[in-house]
Amino acid sequence: MSRLPKSLLAGVSLTLTMIPFAADNARAEIFTLQQALSLAYETNPRLEAERAQLRATDEEVAKALSNWRPNIGVSGSYGWTNNEFNTAILPVPDGHPRDVTVTLTQPLFTGQTIPLTRQANAQVRAGRFQLTSVEQLVLRDAARAYFSVIADEAVLTFRRDNVMLLSGQLDMTQQRVNIGDITVTDLQLVQARLAAANAEVQTAEARLTASRAEFLRAIGRPAESLETMPPLPPIPEGQMQATAFAIENNPDLNTAREQARVADAAVDVATGALLPSLSVQGQYAKSRDQAGLGVELESTSVIAQVRVPIYQGGAEYAGVRQAKQNRSKATFTIGDIERQVRQNVDSAWQATMSARAAMALYEQQVQAAHLAYEGFAEGVRAGERSTYDMLNSAQELLSARVSLAVSRREYWDSAYELAVAEGNLTAQALNLPVMLYNPQLYYDRNSGRWFGLTGR
C-alpha cells in the first residue's frame, strides 16, 4: 500500500483536533451568559406583564381598606311646577323647587372588612411568589437558548471540519485512483461519506438557525460571540440538601401556601355576610320651594344605622359552604405541589449527576478517539491501514466530539433546571448586575392611598 503525503495527513489531523470550546481568545468581545440573563431580566415582556399583574393585585389591598373609610356624596335637584288650580283662601302659584343634600356615611363595623384585608394581603404575597416563579422560567429559558446556540455552533463547526477532511480525502483518493494505486470502490466510499457529511452540515445549520431565533426571543438580541464555557449556578452537596432547600424556597410551593391563606380568609369573608353591620350617617339638606312657594328648609342630622341580616334566601350559607370546600382544595393542592417539587428536584438532580458523569466519559472518548485516529493516520502513512480504516476512525472522533458538545449542553440545562426546582434561579441569587425589581415600593405607595387614578 502506498504512503500518503504527510502534509495532507498533518492538515487533516490538525483540522480534527480543533475544538470550538477553546476559541474564546480569538473573539474580540464576548456576550457573557450573565449579560444575557441580565438583559432578559430587564426587558422580557412576559416578566414585565407579570410585574404589572402583581401591581394590579396590590390594589386589592386598597380596595379592602376602603371599607373603613367614609363615603361622601352630594345630590341635588331643580325643577319647575305648573299648578292648574287656585283657591280663594290660599293661592298656589307656579314655582321652581330645588334642593341640595350632602351625605357622609362612616362604617364602624362590618363582618367582612378585616378578613377582606387579610385575604388581599395573602393574594399579594401569592402574587409575589408567582412573579418569582415567572422570573425563574424566563431566566431558565434564556439560559437554555444560550446553551443551545453554543452547542449547535460547536456541532456545526465539527461537521464543517469533517466536510473539509473528506474533501481533502476525496482529492487524494482521486489521485491514487488515477495512478492505479487503489480502486474506484475507495473513491465511491469517500464520495458517499462526503455526501452524508454535507447533508449533516445542512441539518446542523438549520438547527443553529432555530436556536438563534429562540435566543432572540428569549433574550432580546441576536446571538453573537458567546462564551463557550458559561458558569453554572451553585449545585448542592447532596440531593437531600437540594430537596430541603426546595421545600422551603420553591416559589410554586410558596404560592400554593399563600393561596391556602387566601382561601382561609375567604371563609371568614363569607361568614361575615351573616354578621350585623354598624355605621353612622351624617346629612345636611337645604331646599327651597319644596313645601311651598318661598318656603326654605335647612336640616342637619346624625343617625346611627344597624343592619342585622336575618334570612336572605340562603345564598350566604351556600357561600360559606363553598368557601370551606375551596379551602380544603387549597390545602390538598399544597400537598400535590410539594410532591411535584420533590419529583422535580429528584429528576433534575439525577439528570445533573448523569450528565456530569456522561460529560467526563465523553471527554475520555474524545481523547481515546483522537489517539486512535492518529494511530490510523500513521498506519496509512506506513501503508498498513486502508482509507476505509482512517475514515471510520475520523467518523468515530467526530461522533465523540458531537456527543461531548451535546452532553455539555445537557449538563448545563439540568444544572439550571435544578436551580429552578430549588427556587434559586433569580436575579438576586445569581447576583446579576441589574437593578432588582422591588414590588414593595408600589405596594407602600398605593395600598393605602385615598385618592388618585394612576399608580406611582
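These numbers come from the heavy atoms of this one structure, side chains and all, not from hydrogens, waters or symmetry mates. Remember, predicted model here, so these are calculated numbers, not experimental data. If you read the sequence from its start, that first residue is 1, and numbering goes on from there.
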(request) Ignoring hydrogens and angles, tell me if any N or O in the side chain of Asn44 forms a donor-acceptor pair with the backbone of Ala40 under 3.5 Å. (result) no
(request) To the nearest 0.5 Å, tell me how far Asp171 CG sits from Leu166 CG. (result) 11.0 Å
(request) Only counting residues at least two apart or in another chain, list the ones meeting salt bridge (Lys or Arg N to Asp or Glu O under 4.0 Å) with Arg51. (result) Glu48
(message) Quick test of your reading: applying salt bridge (charged side-chain N to carboxylate O under 4.0 Å, His left out), list the pairs with at least one residue in residues 409-429, sequence neighbours left out, ordered by first then second residue.
(response) Arg140-Glu417, Arg144-Glu417, Asp152-Arg409
(request) Sequence neighbours left out, what pairs pass salt bridge (charged side-chain N to carboxylate O under 4.0 Å, His left out) with at least one residue falling in residues 341-352? (result) Glu338-Arg342
(request) State whether Arg160 and Glu200 are salt-bridged, where the test is any N-O pair (Lys NZ or Arg NE/NH1/NH2 against Asp/Glu carboxylate O) under 4.0 Å. (result) no
(message) Looking at Tyr362, I'd like to know if its OH atom is crowded, meaning that more than 12 non-hydrogen atoms belonging to other residues, nucleotides or ligands lie closer than 6.0 Å.
(response) no
(request) Indicate yes or no: at least one non-hydrogen side-chain atom of Glu396 is less than 4.5 angstrom from one of Phe376. (result) no
(message) I need the minimum non-hydrogen distance between Ala400 and Ala369, along with the two atoms involved.
(response) CB-CB, 4.5 Å
(message) What verdict does the side chain to side chain donor-acceptor pair (under 3.5 Å) test give for Asp252 and Ser133, after you've listed the backbone C-alpha separation in whole Å, the side-chain angles of each residue and the deciding distance to 0.1 Å?
(response) CA-CA 6 Å; Asp252 294 333; Ser133 179; 2.7 Å; yes
(message) Looking at Ile334, I'd like to know if its CD1 atom is crowded, meaning that more than 12 non-hydrogen atoms belonging to other residues, nucleotides or ligands lie closer than 6.0 Å.
(response) yes
(message) Do Ser167 and Leu194 make a side-chain contact, defined as non-hydrogen atoms from C-beta onward lying under 4.5 Å apart?
(response) yes
(request) Give, for atom OG1 of Thr117 and atom CD of Gln112, the distance between the pair rounded to the nearest 0.5 Å. (result) 11.0 Å
(message) Nearest 0.5 angstrom please: Gln130 CD to Gln259 CD, how far?
(response) 8.5 Å
(request) Identify the heavy atoms of Gln239 and Gln350 that sit nearest to each other, and give their distance. (result) OE1-NE2, 3.3 Å
(request) Please check if atom CZ in Arg339 has more than 12 non-hydrogen atoms from other residues, nucleotides or ligands closer than 6.0 Å. (result) no
(request) Would you give the length of the straight line joining atom CG of Leu116 to atom OG of Ser66, rounded to the nearest 0.5 angstrom? (result) 9.0 Å
(request) Kindly say whether Ala145 contributes a backbone atom to a donor-acceptor pair with the side chain of Ser148 at under 3.5 angstrom? (result) no
(request) For Arg128 and Gln440, test the side chains for any donor-to-acceptor distance below 3.5 angstrom and give the result as yes or no. (result) yes
(request) Taking the side chain as every heavy atom from C-beta outward, state whether Leu131 and Leu47 have any pair of such atoms under 4.5 Å apart. (result) yes
Using distance only, find each side-chain donor-acceptor pair of residues 262-277 under 3.5 Å and give its atom names and separation, not counting sequence neighbours.
| unit_1 | atom_1 | unit_2 | atom_2 | d |
| --- | --- | --- | --- | --- |
| Asp264 | OD1 | Arg327 | NH1 | 3.1 |
| Asp268 | OD2 | Arg118 | NH2 | 2.2 |
| Thr271 | OG1 | Val267 | O | 2.8 |

(request) May I ask you to decide if Glu237's main-chain N or O and Gln241's side chain share a donor-acceptor pair within less than 3.5 Å? (result) yes
(request) Could you tell me whether the side chain of Leu226 reaches within less than 4.5 Å of the side chain of Ile30, counting heavy atoms only? (result) no
(request) Would you tell me whether Arg193 and Asn198 have side-chain atoms, one donor and one acceptor, within less than 3.5 Å of each other? (result) no
(request) For Val402 and Arg159, run side chain to side chain contact (heavy atoms under 4.5 Å, CB included): C-alpha distance rounded to whole Å, both residues' side-chain angles, the deciding distance at 0.1 Å, then the answer. (result) CA-CA 9 Å; Val402 170; Arg159 297 204 180 281; 3.9 Å; yes
(message) Within the 4.5 Å heavy-atom criterion, are Val124 and Glu60 side-chain neighbours or not?
(response) no
(message) If the condition is ring pair (Phe, Tyr, Trp, His ring centres under 6.0 Å), which residues does Phe147 pass it with, not counting sequence neighbours?
(response) Trp412, Tyr416
(request) Could you tell me which residues satisfy salt bridge (Lys or Arg N to Asp or Glu O under 4.0 Å) with Glu363, sequence neighbours excluded, listed by chain and number? (result) Arg408
(message) Can you list everything that forms a salt bridge (Lys or Arg N to Asp or Glu O under 4.0 Å) with Lys324? Sequence neighbours excluded, please.
(response) none
(message) Test of understanding: with side chain to side chain contact (heavy atoms under 4.5 Å, CB included), list the residues that count as partners of Phe129, not counting sequence neighbours.
(response) Asn254, Thr255, Glu258
(message) Quick one: does any side-chain atom of Thr113 pair with a main-chain N or O of Phe109 as donor and acceptor, under 3.5 Å?
(response) no
(message) I want to check something: taking the side chain as every heavy atom from C-beta on, are Pro251 and Thr426 in contact at a cut-off of under 4.5 Å?
(response) no
(message) Just to verify, what does Ala210 make a side chain to side chain contact (heavy atoms under 4.5 Å, CB included) with, not counting sequence neighbours?
(response) none
(message) Side chains of Leu430 and Pro233, heavy atoms from C-beta outward: is any pair under 4.5 Å?
(response) yes
(request) For Asp336 and Phe332, indicate whether the former's side chain and the latter's backbone hold a donor-acceptor pair under 3.5 Å. (result) no
(request) Hey, could you give me each pair passing salt bridge (charged side-chain N to carboxylate O under 4.0 Å, His left out) that has a residue in residues 440-452? Not counting sequence neighbours. (result) none
(message) Pairing donors with acceptors under 3.5 angstrom, does anything connect the side chains of Gln340 and Asn344?
(response) no
(message) Tell me whether the rings of Tyr146 and Phe215 are parallel (<30°), tilted (30 to 60°) or perpendicular (>60°).
(response) tilted
(message) So does Gly423 get a backbone contact from the side chain of Asn250, meaning a donor-acceptor N/O pair under 3.5 Å?
(response) no
(message) If we ignore hydrogens and angles and just use 3.5 Å, is the side chain of Asn67 paired with the main-chain N or O of Ala64 as donor and acceptor?
(response) yes
(message) Quick check against the 3.5 Å criterion: does Ser354 have a side-chain atom that pairs as donor or acceptor with the backbone of Ala351?
(response) no
(request) Mind checking side-chain hydrogen bond (donor to acceptor under 3.5 Å, both in side chains) for Glu248 and listing every partner two or more places apart, or none if nothing turns up? (result) none
(message) Using a 3.5 Å distance criterion without hydrogens, assess whether the side chain of Glu227 forms a donor-acceptor pair with backbone atoms of Leu33.
(response) yes
(request) Please list, chain by chain and in numerical order, all residues satisfying salt bridge (Lys or Arg N to Asp or Glu O under 4.0 Å) with Glu316, sequence neighbours excluded. (result) none
(request) Answer yes or no: is there a side-chain heavy-atom contact under 4.5 Å between Pro439 and Tyr437? (result) yes
(request) Could you tell me whether the side chain of Gln136 and the main chain of Asn424 form a donor-acceptor pair under 3.5 Å? (result) yes
